[in-house]
There are 2 protein chains.
Amino acid sequence: MFSKSCEYAIRAVVFVATQNNAGNKLGIMEICKEIDAPQHFTAKILQSLSHNGIISSQKGPSGGFYLNKTQTRLKLIDVVRALDGDKTFTGCGLGLKNCSEKKQCPIHNQFKVVRDELLNMLSNTYVVQLAEEIEKGSAVLSNISGR
Amino acid sequence: MFSKSCEYAIRAVVFVATQNNAGNKLGIMEICKEIDAPQHFTAKILQSLSHNGIISSQKGPSGGFYLNKTQTRLKLIDVVRALDGDKTFTGCGLGLKNCSEKKQCPIHNQFKVVRDELLNMLSNTYVVQLAEEIEKGSAVLSNISGR
DNA sequence: TATTCACATGATTTTGAAAACATAGAATGC
DNA sequence: GCATTCTATGTTTTCAAAATCATGTGAATA
């Protein structure tokens with residue numbers, strides 16, 4: 001459904017949101033360890049997100065990634081769009097490059113319903129809301145058992 | 001969403017269904033040309049489908065792929081399951097290997113709604129019904145313009 | 001029964017996303 | 001200003017899906 005980049009990004013952003021209270025910033029190593037993601041790869045992803053204004057970053061000692069006031073209102077759709085673009089919501093279900101309303105694949109309309117449901121879900125889900133789930137302990141962000 | 005294999009498979013199966021009337025069988029070349037898919041790769045996919053009883057095949061002169069009586073009642077879900085397995089409907093949206101009802105990722109419930117919608121759609125869509133769209137001219141199976 | 005045709009099968013190559021590596025650059029704190 | 005700590009960037013490597021290649025096998029028919 002999503003690219004690996006996008007999966008790691010969502011997990012990372014949600015984790016950052018859980019720790020964003022006291023205004024403390026999170027380093028790459030800390031984030032990757034918690035969400036069980038490859039360090040260098042995830043670093044690039046977060047840098048890309050930072051570049052796109054999805055999250056904020058601070059260099060130097062005691063620096064790291066964090067969310068500014070505006071960014072705490074982040075939705076999942078923002079993260080997905082920044083990394084995977086619109087192709088998740090516009091691409092043809094059967095891989096036809098020219099598939100459109102005018103010249104459509106046979107499952108075009110049926111598929112549209114599913115994609116709209118996805119788009120709707122991502123548009124109505126806030127990152128902070130997911131962070132709360134983690135804080136409450138009703139959800140996890142890592143593969144590693146016991147965390 | 002689906003693997004390339006699955007995309008080619010659906011397109012191929014729908015095309016076979018459109019030509020299944022007079023009991024004539026379709027060769028690989030004919031199929032690949034029509035749906036604009038790589039020949040050898042698609043051959044393997046169809047052979048796999050044939051192996052799984054999704055479609056039928058006949059060797060020798062005037063042989064090819066076709067649907068027998070039972071197979072004309074094929075649903076999309078059958079094709080997807082045969083090639084991509086259940087991971088399309090069960091895999092975690094955030095890529096967590098251990099994600100389950102008990103230990104779930106933060107978007108588990110939201111994602112479930114979308115996946116169920118997809119599962120529902122695939123379970124209620126018949127291949128012959130899609131073939132009719134093609135025959136009517138209200139949908140296409142190829143990237144190539146003008147076909 | 002030999003030839004031809006078309007699917008079947010296994011090995012190999014290609015491709016691109018994913019991941020790792022190496023190095024540069026910038027900010028903080030002392 | 002200098003060391004430390006972190007982000008930024010470009011290159012290389014890895015790996016599995018995707019695609020190809022080469023050869024085998026069964027069926028039709030003359």
Side-chain angles (χ1 to χ4, degrees), chain A residues 1-12 16 19 23-33 35-68 83-85 87-88 91 94-95 97 143, chain B residues 1-13 16 19 23-33 35-68 80 83-85 87-88 91 94-95 97 143:
Chain A
M1 190 77 74
F2 305 124
S3 67
K4 277 287 168 195
S5 299
C6 206
E7 290 177 359
Y8 293 140
I10 294 175
R11 278 152 65 185
V16 169
Q19 307 291 311
N24 57 337
K25 306 170 183 69
L26 298 179
I28 285 284
M29 302 242 284
E30 197 175 354
I31 294 172
C32 291
K33 194 174 176 188
I35 69 173
D36 188 28
Q39 180 180 340
H40 299 286
F41 187 45
T42 308
K44 291 208 161 186
I45 295 165
L46 292 184
Q47 280 149 23
S48 169
L49 285 180
S50 170
H51 211 73
N52 281 285
I54 304 291
I55 62 176
S56 302
S57 68
Q58 172 74 51
K59 289 180 182 176
S62 81
F65 293 97
Y66 65 101
L67 302 178
N68 66 26
L83 290 172
D84 287 353
K87 67 170 187 288
T88 312
L94 298 187
K97 280 160 198 152
N143 281 312
Chain B
M1 191 76 77
F2 306 125
S3 67
K4 278 286 167 195
S5 298
C6 206
E7 291 178 358
Y8 293 141
I10 294 174
R11 279 152 64 185
V13 167
V16 169
Q19 306 291 311
N24 57 337
K25 307 173 183 67
L26 299 179
I28 285 284
M29 301 241 286
E30 197 175 355
I31 295 173
C32 291
K33 195 175 175 187
I35 69 173
D36 188 27
Q39 178 180 341
H40 298 287
F41 188 45
T42 308
K44 292 213 156 183
I45 295 165
L46 292 185
Q47 279 148 25
S48 170
L49 286 180
S50 169
H51 213 75
N52 281 285
I54 304 292
I55 62 176
S56 303
S57 68
Q58 172 74 51
K59 286 184 182 175
S62 80
F65 294 95
Y66 64 101
L67 302 178
N68 67 27
V80 175
L83 289 173
D84 288 353
K87 67 170 186 288
T88 313
L94 298 186
K97 280 162 199 152
N143 282 311

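The figures here come from the full heavy-atom set of this structure, side chains too, leaving out hydrogens, waters and symmetry mates. Sequence lines set the chain letters: A, B, ... in the order given, protein chains first and strands last, and positions in each chain run from 1.
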Mind checking the [atom1]-[atom2] spacing from [X] to [Y]? Nearest 0.5 Å is all I need.
X: A:Leu94; Y: B:Phe2; atom1: CG; atom2: CZ; value: 7.5 Å
X: A:Arg11; Y: A:Ile31; atom1: CZ; atom2: CD1; value: 12.5 Å
X: A:Ile35; Y: A:Glu7; atom1: CD1; atom2: CD; value: 11.0 Å
X: B:Leu83; Y: B:Ser5; atom1: CG; atom2: OG; value: 6.0 Å

Item to complete: Start with the C-alpha distance between B:Leu46 and B:Tyr8, add both sets of side-chain angles, then the distance that settles side-chain contact (heavy atoms from CB on, under 4.5 Å), and finish with yes or no.
Response: CA-CA 9 Å; B:Leu46 292 185; B:Tyr8 293 141; over 6 Å; no
Worksheet item: With nearest nucleotides of DNA chain D determined for A:Phe65 and B:Lys4 from heavy-atom distances, which residue corresponds to the more 5′ nucleotide?
Response: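 Closer to the 5' end of DNA chain D: A:Phe65.
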Measure the distance from [atom1] on [X] to [atom2] on [N] and round it to the nearest whole Å.
X: B:Phe41; N: C:dC7; atom1: CZ; atom2: C1'; answer: 18 Å
X: B:His40; N: C:dC7; atom1: NE2; atom2: C1'; answer: 13 Å
X: B:Lys25; N: C:dC5; atom1: NZ; atom2: P; answer: 18 Å

Practice prompt. May I ask you to evaluate whether A:Tyr8 reaches the phosphate of C:dA19, defined as a side-chain N or O under 4.0 Å from OP1 or OP2?
Written response: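 Checking A:Tyr8 against C:dA19: at least one side-chain N or O falls below 4.0 Å of OP1 or OP2.
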Discussion item. Set out, in order, the CA-CA distance, both residues' side-chain angles and the distance that settles side-chain contact (heavy atoms from CB on, under 4.5 Å) for A:Phe41 and A:Cys32, then state yes or no.
Written reply: CA-CA 10 Å; A:Phe41 187 45; A:Cys32 291; over 6 Å; no
Which atom pairs, donor and acceptor, lie under 3.5 Å between side-chain atoms of residues 47-54 of chain A and protein residues at least two apart or in another chain?
from	atom 1	to	atom 2	distance (Å)
A:Ser50	OG	A:Ser57	OG	3.3
A:Asn52	ND2	A:Ser48	O	2.8

Discussion item. What is the first contacted nucleotide of DNA chain D and what is the last, in 5' to 3' order, if contact means an atom lying under 4.0 angstrom from a heavy atom of chain A?
Written reply: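 Here the contact window of chain A covers D:dT4 to D:dT11.
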Item to complete: Using a cut-off of strictly less than 4.0 Å between a heavy atom of the residue and any atom of DNA chain D, enumerate the qualifying residues of residues 44-62 of chain A by number.
Response: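 Of all residues in residues 44-62 of chain A, the ones placing a heavy atom under 4.0 Å from DNA chain D are A:Lys44, A:Gln47, A:Ser57, A:Gln58, A:Lys59, A:Gly60, A:Pro61.
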Practice prompt. Using a 4.0 Å heavy-atom cut-off across all strands, classify B:Ile31 as base, sugar-phosphate, or nothing.
Written response: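 The answer is nothing, as B:Ile31 stays clear of every strand by at least 4.0 Å.
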Practice prompt. With side-chain contact (heavy atoms from CB on, under 4.5 Å) as the test, would you mind laying out the steps for A:Ile28 and A:Phe65 before giving the verdict?
Written response: CA-CA 8 Å; A:Ile28 285 284; A:Phe65 293 97; 3.5 Å; yes
